[in-house]
Each structure stands twice: as C-alpha cells, then as structure tokens.
Amino acid sequence: MENAQIADVLDEIGDLLELTDASLFRIRAYHDAAQTVRSLPQRCEDLLADDVDLSELPHIGKSTASKIDELIHKGTCGRLLELRRRVPSGVTTLMKVPQLGPRRALLLHDALGIESIADLKKACEDHQLARVRSLGNKTEQNILRSLATLKATSGRMLLKAAGDHAEALGRYLHHIDGISRWEIAGSLRRRRETIGDLDVLVQSADRAAATDRILNYPGIEHVLSRGPERVSVRVGGALQVDFRFFDPPEFGAALLYFTGSKPHNIALRKRVQRRKWKLNEYGLFSGTRRLAGTTEAEVYARLGLAWIPPELREDRGELDAAAHGTLPKLVKLTDIRGDLHCHTKATDGAGTIADMAEAARLRGYDYLAITDHSKAVTIANGLNETRLKKHVEQIRKLDRSLDGIRLLAGVEVDILKEGQLDLDKDLLSTLDWVVGSVHSHFNLDRDAMTNRLVTAVRSGVIHCLGHPGGRIIGRRDLIQVDWDKVFAACKEHGVRIEINAQPDRLDLPDTYCQRAKAAGVEFVISTDAHKESDLDYMPFGVDVARRGWLEPGNVLNTCTAAKLRKALKRR
DNA sequence: GCCGTTTTCGGCCCGACTGTTTTCAGTCG
C-alpha cells in the first residue's frame, strides 16, 4: 500500500472524528500523522519490512503505528470501518465544501437530509437552507459560490498560473501610493508546485484608503470578506487572495507566519515555547515585551537560527540545519549555464535547430542540447535511426558555424516497456547527450516499472533519466517505482536524474530529489522546451531543485561547456 | 492521539471575520 493511500485513511479518520464529539487534539493528531506519512521519503510498507518502528516518526505514536500496520497487512482498518458506520454517509464529503465545517455538515444532514454535493446544491437553489436555524440567505449564496469554484479548480492551481496572477496583481499594487510595502507570502513564496491561495502582506499608513484602492483591482470577481486587518477576494476565476495589513515592527514576523509552511511554523513555535516565549504574526514576545519582528532574519536569529530560505520551510530538517549552520547553499537560476532537453521541428517542437540555439544564446546560456523524440513516439513524429543520423549531422554542422553557444547533439530516446531503448545502442553511443524517458505503459506494477527503469539505466548509453516520475500534475500520478533501487542504479552507472521544468510536470518532485541527493545521484534541470519561449520555464525547475535541497554542485548544467564536455566523455 | 532540557500527565496556536442572533458559534488560515 502506498503512503498516499495510508495518509488518506488517516485524514478520513480525522474527518470522521470531527463529526463525533472527539477531542480537537485527537482529530489534529490524525491529520498531523497523515501529513507525516504523505511527506515521508520512504514507503511505510518498506519501512515495516525493514523492521523500522513507525512510532519513531514524528506525530506517529503506538496507536497510529498499529493502525498503519493493520492497513498494510489487512488492507483496511477497524477504527475506520467503525467510524464509517457511526457517521451518516456523505457528511465528510460535505465538510470539504468551503463554508461547511463539521457542525454545519451534520446540521444539514440532520435537518434537510443532505448527503451529497448534488443534494447540497439543490437545497441551496431551492432556498431550503435559509429555513434552518442559524443559517440564512447569505450562507446559501456563499455555498453556491464555493461549489462553483470547487468544480472549476479542484482546489489548487499550478505554481505558474498562480505566479502569473501574482505578477499582474503586483504591477497594480506597485502603483498604489498609500501602500509603502507589499510582499507575497504563502506557498507561492515557498514555490510549491501547486498553490491554493495567495497571501499578500501589505504595509500602509492609511489602511482604509489602501483597502479601497485594493478593492478597485480589475481582476477581482468577488469580495469574500473585508475587515480592518484583512481583506479576502477572489480573482481570475478561482484564486482566493488574502490581503493582511501589518506595521513595520511586525512585518518580518508576519512574513514568517504567512509564508509557513504550517509544519515549519509549528516546529518553530516549539522552539519558542521551550524558551517560554510567544511567536505570532505580530512578533516574537517575552510576556508583552517584543524581542523581534521587523525582519524574518531577526526572529530566526533570536532563536539561534540562520535565516531559512522559504523553499526549505517544510519541517524536513531545515530547523536543525539552521541551528547547526549546515543549511545547503541552494542552487540559483543564475547558476544555470545551459539547457539539456529541448525539441525542434524535426519532431514535435515549433522551432528549427537554429531558432532554439539562438533563443538559448539570448538567455545567456553556454550550451544547449537538442533532444528530439525517438520513433516510438509516433504522435510526435519521432526519429528513426536514419532520420536521427541526418538530424545529428545538421546539429553538428550548425554548431561549427555558431559563436557564443555550443550545441550538443542528443536525443530523447524512449524507454520501452521492458526497459529496452527505442534506438540502436551503437548509434546512441555516438551522441553527445542521451536522455532516456518513459512515454508509455505508465501503469506497470511497481516491480516491473522498477526493472524497466533500472534496465535502461544499466544500458550504458543514456546520460540522464528524463521526467523520471512520468506525472502530469492533476492529471496523471507518479509511476509506481522503488526509487531507492533506481537511485542506486543511477549512482552506480553515472546516470543523472532530470528535474523537468515544465510547469505541469515538475518531475522529479522535490521530496524525491532530496532523497536522490542523499543517494549521491547527480541532477540536471531542463525545460523540455517545445518552442523558444519554453526555455523560460527554467525557474520552475530551479524551484523544485531548491525545495529538494540541491546545491550548484549537485546539478550538472551549472558547469561550464568545457567541464560538461569532459564529464560526458564516453568511457 | 502525540509529546517531553521543569512533564509519563496535562498540555496541545490563536486571531480575524461572517452571519446570524442579540452576545457568539462556526469557519478559516
């Protein structure tokens, strides 16, 4: 059983407990445990097989550990089944609707017999809710709006989409005179792969006037709430934006608080509690005395910690590292010297080799690898051996005529079902750069998929595994693989792992990068550009690398063209 | 249910806002 499934069960137990009279802390404990399992680098099933005591993990004690054990060995868990029997069906689904918590969900079920989203929608439309005590017309309208948003977005949007909204909003805020400072916090600042909402911190001497100006932003579709401290709106279809006002002495503490993540904040607050201090969005306090708050660095420093880059704030060991001065020196966009994965008109790209080379040169790169598809990807007009030979000749010919950028003659060769490569090995071994990728049979079982990748890695002719997890965010899950085996093979055979910077791929995902780094694997950050402007996806790949704790030395395409050539020399 | 540098018991983050009611419960982040 996968960790995601276990985490879902723990979350469901937590949700069900909310509908009973269980202690709030017990409910939270289940959700905390779910979070731990979800972000665990190894599978619980593998840990158990290795006789690891799961109750050693944070937020998992004897009770939860035994439930996980039961889940893995029996496929289900008695506590879950018992709770499902006790709680009317459908009520946990209702709780997922914004505006509805456990109390209202239960109330709607008991008073109106509502058991599903469809029931809820109909009841709102028929004005049934207003008849229930403590509910009214406005609640009805708000729920209908929530349902529409839920349907449109399934909750979160891609980092790139949210970033585009933030950029537009930023241009507007920039021109409001009364706003002396604003910062975007939240998961966007942490550069998470998907974003639930935007948190904007605002500093202004005249908050009422600033609020009026903010509410004039043309992108606003609906004002969710408005108070002296906070304004919440919905923009561009589905993105909620929360504006919060803070004064300069509070601003750093507020930035820290609203950047999160929640687990990071909780872990941080534990360190605060040990000193008998208090940390909230207004500052770090001893009693009523403010110890820090103007900047984040000041707050961290007062707690004996180095400033932690937002991308690391996930409670994955960054606090200990900050305490011991061992935080990684994270890779930056400016460290990247070239792109090692792009396509041209020869297959499914839009530009010629020359177009792509020029676009890369304009972006200040020293080198670009041309890596078109192989023949198995028929829909992309993939190259067979004959066409590839000609294509490579063209790349090399152009390379000789170009100044300011070096071209690597490469290919993105398909890794077929059993791990064989889609092109002749002798031909592949004459290329400068070979990316091996999976584009088919994504549903192989874990052992078969692991063997498939390991076989390809051992082929001796690929330099890199392209988009290793095969996922498309929101559409296709990560393939099932024993990653430790794949990483070990990559390390042994000197095969790099790609971080694919396509905004809907971001693959390999950050937590796996951290694990691959620990296994000693080298990385490549690539855009997989299919047109010139796609080369601008590089920052999203760098975001993933940073969230995966990678330093420049872990990333091959931070090195110079000369060093790259040396590193790629065939044995 | 988890956790522990005053603890194996007694804590566990808490402030802002809405809607409905009339002093506050529920929800959210």
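We name chains A, B, ... by the order of the sequence lines, and we start the count at 1 in each one.
Taking the P atom of each, B:dT20 and B:dC28 are spaced 15 Å apart, rounded to whole Å. Atom name P, nucleotides B:dC14 and B:dC9: the rounded distance is 25 Å, in whole Å. Of the C1' atoms belonging to B:dC13 and B:dT27, the separation is 16 Å, rounded to the nearest Å. Separation of the P atoms belonging to B:dT6 and B:dG1 is 28 Å when rounded to the nearest angstrom. Between B:dT8 and B:dC2, the two C1' atoms lie 12 Å apart (nearest whole Å). Comparing the same atom, P, in B:dG15 and in B:dG10 gives a spacing of 25 Å after rounding to whole Å. One C1' atom belongs to B:dA16, the other to B:dG11, and the distance between them is 25 Å to the nearest Å. One P atom belongs to B:dC12, the other to B:dC17, and the distance between them is 24 Å to the nearest Å.
Of the possible polar contacts, one joining the A:Glu140 side chain to the A:Leu129 backbone as a donor-acceptor pair under 3.5 Å is found. Side chain of A:Asp126 to backbone of A:Gln128: no donor-acceptor contact under 3.5 angstrom is found. Distance alone, capped at 3.5 Å, is enough to place a donor-acceptor pair between the A:Asp482 side chain and the A:Asp484 backbone.
In this structure, A:Phe285 places its CZ atom 18 Å from P of B:dC13, rounding to the nearest Å. Residue A:Leu100 contributes atom CG, which lies 13 Å from atom P of B:dG26 at whole-angstrom precision. For A:Asp21 and B:dA25, the CG to C1' distance is 17 Å, given to the nearest whole Å. Atoms CG (A:Asp242) and C1' (B:dC17) sit 11 Å apart, rounded to a whole Å. Between A:Leu24 atom CG and B:dG26 atom P the separation is 11 Å, expressed in whole Å. Computed from coordinates, the A:Lys262 NZ to B:dC12 P distance equals 16 Å when rounded to whole Å. If you take CG of A:Leu224 and C1' of B:dC28, they are 11 Å apart, rounded to a whole angstrom. Distance CG (A:Asp197) to P (B:dC28): 12 Å, rounded to an integer number of Å.
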Side chain to side chain contact (heavy atoms under 4.5 Å, CB included) assessment of A:Ile6 paired with A:Ile72: CA-CA 8 Å; A:Ile6 296 168; A:Ile72 287 172; 4.0 Å; yes
Step-by-step ring pair (Phe, Tyr, Trp, His ring centres under 6.0 Å) determination, A:Tyr512 to A:Trp483: CA-CA 8 Å; A:Tyr512 295 84; A:Trp483 289 106; 5.8 Å; yes
Derivation and outcome, salt bridge (Lys or Arg N to Asp or Glu O under 4.0 Å), residues A:Arg546 and A:Asp510: CA-CA 8 Å; A:Arg546 291 171 64 86; A:Asp510 50 23; over 6 Å; no
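Here A:Leu279 lies out of heavy-atom contact (under 4.0 Å) with every strand. Heavy atoms of A:Arg104 sit under 4.0 angstrom from primed sugar atoms or phosphate atoms, though from no base atom. Nucleic acid contact class of A:Asp32 (heavy atoms, under 4.0 Å, all strands): none.
No hydrogens or angles considered: a donor-acceptor pair under 3.5 Å links the side chains of A:His264 and A:Glu318.
A:Gly196 and A:Ser187 make their closest contact through N-OG, 4.2 Å (heavy atoms, listed as atom of the first residue, atom of the second, distance).
With a glycosidic angle further than 90° from 0, B:dT20 counts as anti.
Side chain of A:Pro102, nearest nucleotide from B:dG29, B:dT27, B:dC17: B:dT27.
If A:Asn137 and A:Val231 are placed on DNA chain B by their nearest nucleotide, the residue sitting closer to the 5' end is A:Val231.
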Pick out the pairs of N or O atoms, protein on one side and nucleotides 1-5 of chain B on the other, that lie under 3.5 Å.
residue	atom	partner	partner atom	Å
B:dG1	OP1	A:Tyr30	OH	3.2
B:dG1	O3'	A:Thr64	OG1	3.2
B:dC2	OP1	A:Gly61	N	2.5
B:dC2	OP1	A:Gly61	O	3.4
B:dC2	OP1	A:Thr64	N	3.2
B:dC2	OP1	A:Thr64	OG1	2.6
B:dC3	OP1	A:His59	N	2.5

Provide a list of protein-nucleic acid N or O atom pairs under 3.5 angstrom, restricted to nucleotides 14-16 of chain B.
residue	atom	partner	partner atom	Å
B:dA16	OP1	A:Tyr282	OH	3.0

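Between A:Phe246 and A:Phe258, the two ring planes are tilted [angle within 30° to 60°].
The nucleotide B:dA25 finds its pairing partner in B:dT18, both defining distances of the Watson-Crick or G-U wobble pair being shorter than 3.5 Å.
Applying the side chain to side chain donor-acceptor pair (under 3.5 Å) test to residues at least two apart or on different chains, the pairs with a partner in residues 239-257 of chain A are A:Arg207-A:Asp247, A:Ser232-A:Asp242, A:Gln240-A:Asp242.
DNA chain B lies under 4.0 Å from at least one heavy atom of each of the following residues of residues 138-145 of chain A: A:Lys138, A:Thr139, A:Asn142.
Applying the side-chain contact (heavy atoms from CB on, under 4.5 Å) criterion to A:Asp320, with sequence neighbours excluded, gives A:Arg271, A:His324. Here A:Thr92 pairs with A:Asp15, A:Leu16, A:Leu19 under the side-chain contact (heavy atoms from CB on, under 4.5 Å) rule; sequence neighbours left out.
Screening A:Arg86, A:Arg84, A:Arg85 for a salt bridge (Lys or Arg N to Asp or Glu O under 4.0 Å) with A:Glu82, the sole residue that qualifies is A:Arg86.
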